[in-house]
Amino acid sequence: MTAIHWHILGAGAMGCLWAAQLHRNHKPCTLLVRPAAAAGTPVLRLTEQGQTWQLPVPIEDSSRPRRITHLLLAVKAHQTLAAVQMIKSQLNSDSCLVLLQNGMGSQQQVTELCQNMAIYGAASTQGARLIAPLHTQRAGHGLTWTGPFNQVAQQRGTSALDDLTRLEGMEVRLQEDIHSRLLDKLAINAAINAMTVLHDCSNGALLQARHRDQLRSLCQETANILAAAQQQTPQTQAEPLLDSVLAVLADTRDNLSSSLQDVRRGSPTELRWINGWLLEQAARLGQPAPTHRALLDALAAAGIQ
């Protein structure tokens, strides 16, 4: 039986981490990067627990990939549709795509573009940050949930994900209702990410008492929006959601949110796909969301997208 070959598109912190872990587990993989990053002899590096490894993962120009059967898409939400369009000629009806984006909306775009392919969603609490091009530092061990996102994937089942769920060093669990898991993560991110950007602070700084009322309001509005959209899960009800947010802040107190890392790099954030997605649902349903609106307005006034 021919081994599955994974292509990882996206050389940010998460893409590099997954490429490194696949390689360390002896799973054939290729990291697809921008043409400039593929020039010369690029080397993937992983730093963990004070040690740095150079890993001979094949690194190729994303504009000229070979045929792709299994794709792990680790680009940001705003890059997702264009990234898939760029490599779509290398995909076919047998291909499966695993989407690692934060927020909601980009997954639906890919599902619409690749209607005959198996699309799997993923939500991860793995911590990583890019400290140099192709050099990722693991910031903490977390969980990743993955499961079928579209009907094609539901029909094909989860055997395509076996390589991922069996990776040593990456705890990956199957989740049949991945949509609910994505909503849970979106709801938590909607209370944390934009706030850390606004205050330019680590996650733990939001545990200060002065932020509690705003966090509570964000959670209440999120719960109201999802309930009105009939997309609420047990974890996205107001009080359980606030408890989850506070627990995440405590567990990751020294971490910087992905959105704050984006801002510090001068890159667009995924907030349009997190708080922005919630505001789109609120507008559609006539549901007030003044705290979310004020938060994004404050960031827009500061030139942050």
Side-chain angles (χ1 to χ4, degrees), residues 1-46 55-102 106-107 109-111 113-124 126 128 130 133-136 144 146-150 152-153 156 158-167 169-170 172:
M1 183 176 178
T2 303
I4 288 175
H5 191 113
W6 284 92
H7 285 80
I8 302 95
L9 180 55
M14 291 300 288
C16 288
L17 176 61
W18 281 92
Q21 292 302 104
L22 282 163
H23 175 79
R24 294 167 99 185
N25 279 264
H26 310 290
K27 304 297 182 183
C29 64
T30 299
L31 181 62
L32 300 177
V33 301
R34 294 173 180 169
T41 54
V43 176
L44 179 65
R45 291 178 173 84
L46 172 68
L55 304 170
V57 174
I59 298 173
E60 296 182 1
D61 181 347
S62 58
S63 66
R64 297 198 300 270
R66 303 171 186 174
R67 180 174 175 269
I68 297 172
T69 61
H70 291 72
L71 177 70
L72 190 65
L73 194 65
V75 298
K76 296 288 187 177
H78 63 274
Q79 301 168 321
T80 300
L81 182 60
V84 177
Q85 289 172 329
M86 178 181 66
I87 59 153
K88 191 168 185 291
S89 63
Q90 307 302 320
L91 305 169
N92 59 33
S93 59
D94 293 328
S95 299
C96 81
L97 287 69
V98 179
L99 309 181
L100 271 168
Q101 287 63 51
N102 284 322
S106 61
Q107 301 92 342
Q109 289 179 334
V110 174
T111 300
L113 180 67
C114 304
Q115 296 183 21
N116 62 342
M117 301 178 201
I119 311 295
Y120 299 86
S124 183
Q126 292 287 347
L130 203 65
L134 298 174
H135 186 175
T136 191
T144 300
T146 183
F149 191 83
N150 69 347
V152 178
R156 292 190 191 174
T158 58
S159 60
L161 305 175
D162 285 350
D163 278 350
L164 303 184
T165 59
R166 296 171 183 170
L167 283 182
M170 297 283 276
V172 182

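Residue numbers count from 1 along this sequence.
Taking the side chain as every heavy atom from C-beta outward, Asn25 and Arg166 never approach each other to under 4.5 Å. For the pair Met117/Val110, no side-chain contact is recorded, criterion being any heavy-atom separation below 4.5 Å from C-beta on. Under the 4.5 Å side-chain criterion, counting only non-hydrogen atoms from C-beta, Phe149 is not in contact with Leu97. Side-chain atoms of Cys16 and Leu130, non-hydrogen and from C-beta on, do get closer than 4.5 Å to each other. Using a 4.5 Å cut-off on side-chain heavy atoms (C-beta onward), Leu73 and Val75 make contact. Counting heavy atoms from C-beta outward, Gln109 and Val84 have side chains that stay 4.5 Å or more apart. Contact of the Ile4 side chain with the Asp162 side chain is not registered, since no non-hydrogen atoms from C-beta on lie closer than 4.5 Å.
Under the side chain to side chain contact (heavy atoms under 4.5 Å, CB included) rule, Leu134 has a single partner from Val33, Val57, Val43, Leu55, which is Val33.
At least one donor-acceptor pair closer than 3.5 Å links the side chain of Asn150 to the backbone N or O of Ile119. Put simply, the side chain of Gln79 gets close to the backbone of Lys76: a donor and an acceptor are under 3.5 Å apart. Ser95 contributes a side-chain N or O that, together with a main-chain N or O of Ile68, makes up a donor-acceptor pair within less than 3.5 Å. The closest donor-acceptor contact from the side chain of Gln115 to the backbone of Val152 lies at 3.5 Å or more, if one exists at all.
The two residues Pro35 and Ser63 make their nearest non-hydrogen contact at CG-OG, 4.1 Å. For the residue pair Arg67 and Thr69, the shortest heavy atom distance occurs at NH1-CG2, 3.0 Å. Closest non-hydrogen pair, Leu44 versus Ala19, comes out as CD2-CB, 4.0 Å. In terms of heavy-atom proximity, Ile8 sits nearest to Gly15 at CG2-O, 3.6 Å. Minimum interatomic distance between Trp6 and Leu72 (heavy atoms only, all atoms of both residues): CE3-N, 4.1 Å. Here the closest heavy-atom approach between residue Arg156 and residue Ala118 is recorded as NH1-CB, 3.8 Å.
Atom CE of residue Met86 and atom OG of residue Ser62 lie 3.5 Å apart, to the nearest 0.5 angstrom. From His5, atom NE2 reaches atom CZ of Arg66 across 7.5 Å, with rounding to the nearest 0.5 Å. Distance OG/Ser124 to CG/Asn102: 9.0 Å, rounded to 0.5 Å. Between the CG atom of Asn92 and the CG atom of Asp94 there is a distance of 5.0 Å, given to the nearest 0.5 Å. Between the OH atom in Tyr120 and the OG1 atom in Thr146 there is a gap of 8.5 Å [rounded to 0.5 Å]. The line from OG1 of Thr136 to CD of Gln126 is 10.5 Å long, rounded to the nearest 0.5 Å.
Not counting sequence neighbours, the partners of Pro58 by the side-chain contact (heavy atoms from CB on, under 4.5 Å) test are Thr30. Evaluation of the salt bridge (charged side-chain N to carboxylate O under 4.0 Å, His left out) rule for Arg34 yields no partner, not counting sequence neighbours. Under the rule for a ring-ring contact (aromatic ring centres under 6.0 Å, His included), His78 has no partner lying at least two apart in sequence or in another chain.
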